[in-house]
Amino acid sequence: MKKIILCILTLGVLTLTSCSSDDDGSINIENANISIDNTLMDFDVAVQNIQSFRVMSFSNSSDDSKYFIITLERDEVGNEAVASVSYLTVDGTYRYDKYTVDNPATISSDIEINTSNAFKGTLSGVLSKYIEGVGYETITIESGNFDVTF
């Protein structure tokens with residue numbers, strides 16, 4: 001079931017983007033773990049190259065209702081490489097987007113490797129979701145250490 005949902009999520013990302021001659025269409029699966037609000041979770045990782053971005057979809061190995069998505073500027077490294085981070089749960093989506101200014105979400109990252117066959121770096125910070133009439137609710141990513149080769 002988890003792999004089916006991951007495939008549907010990945011296909012959803014593809015349908016939201018237009019075709020481009022620099023797409024290589026590769027999808028690769030690896031493993032990683034992330035600590036969110038003091039809970040360490042294992043994830044299966046699918047990596048796609050879409051236009052000028054590299055999209056990594058993380059599905060939770062023990063709870064297929066939770067997904068984590070990191071979008072990187074393709075082949076960029078350092079803190080500016082992270083374009084967006086999303087954590088999807090049954091309660092909604094917590095998000096960071098470097099192009100959104102009126103949002104309490106912040107991400108600190110150090111992306112060391114960002115190529116079509118490897119991704120290595122660290123990630124921490126706060127993701128937020130807006131609740132009508134209440135304001136922003138946040139969650140904290142204590143640590144995300146990734147060293148994925150495919």
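Keep in mind that this is a model prediction, so the values were computed, not measured.
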Quiz item: Of all residues at least two apart in sequence or in a different chain, which pass the ring-ring contact (aromatic ring centres under 6.0 Å, His included) check with F53?
Solution: none

Self-check item: Qualifying residues under side-chain hydrogen bond (donor to acceptor under 3.5 Å, both in side chains), relative to D110, sequence neighbours excluded
Solution: none

Practice problem: Supply the atom-to-atom distance I111 CD1 to E73 CD, rounded to the nearest 0.5 angstrom. | Solution: 11.5 Å

Exercise. Evaluate side-chain hydrogen bond (donor to acceptor under 3.5 Å, both in side chains) for S116 paired with N49, printing each intermediate quantity in order.
Key: CA-CA 7 Å; S116 61; N49 295 305; 5.2 Å; no

Exercise. With sequence neighbours left out, write down each residue that passes ring-ring contact (aromatic ring centres under 6.0 Å, His included) with Y94, or none if nothing qualifies.
Key: none

Quiz prompt | Other cluster members, Y136 - Ile/Leu/Val/Met/Phe/Trp/Tyr, side-chain contacts below 4.5 Å | solution = Y130

Quiz prompt | Minimum heavy-atom distance between I70 and L123, given as atom pair plus value | solution = CD1-CD2, 3.7 Å

Quiz item: Taking only residues two or more places apart in sequence, or in another chain, which ones meet E142 in a side-chain hydrogen bond (donor to acceptor under 3.5 Å, both in side chains)?
Solution: S35

Quiz item: How many angstroms lie between atom NZ of K98 and atom CD1 of I107, to the nearest 0.5 angstrom?
Solution: 12.5 Å

Exercise. Would you indicate whether the side-chain heavy atoms of L72 and V77 approach each other to under 4.5 Å?
Key: no

Exercise. Can you see which heavy atom on K66 is nearest to which on T89, and at what distance?
Key: CG-CG2, 4.3 Å

Quiz item: Donor-acceptor pair, N103 side chain versus S128 backbone, under 3.5 Å?
Solution: no

Quiz item: Can you name the nearest heavy-atom pair linking V90 to S65, along with the distance?
Solution: CG1-CB, 3.7 Å

Practice problem: Kindly write out the residues that satisfy side-chain hydrogen bond (donor to acceptor under 3.5 Å, both in side chains) with D91, not counting sequence neighbours, or none if the list is empty. | Solution: none

Quiz item: Hydrophobic clusters join Ile, Leu, Val, Met, Phe, Trp and Tyr when side-chain heavy atoms are under 4.5 Å apart, directly or via other members; which others share one with V134?
Solution: I131

Self-check item: Minimal non-hydrogen separation, G78 against S109, with atom names
Solution: O-OG, 3.9 Å

Exercise. Just jot down the side chain to side chain contact (heavy atoms under 4.5 Å, CB included) partners of V126, sequence neighbours excluded, or say none.
Key: T106, T138, T140

Show me the donor-acceptor pairs, under 3.5 Å and distance only, between side chains in residues 80-87 and residues at least two apart or in other chains.
| from | atom 1 | to | atom 2 | distance (Å) |
| --- | --- | --- | --- | --- |
| S84 | OG | T71 | OG1 | 3.3 |
| S86 | OG | R95 | NH1 | 2.7 |

Exercise. With sequence neighbours left out, write down each residue that passes salt bridge (Lys or Arg N to Asp or Glu O under 4.0 Å) with D75, or none if nothing qualifies.
Key: R54

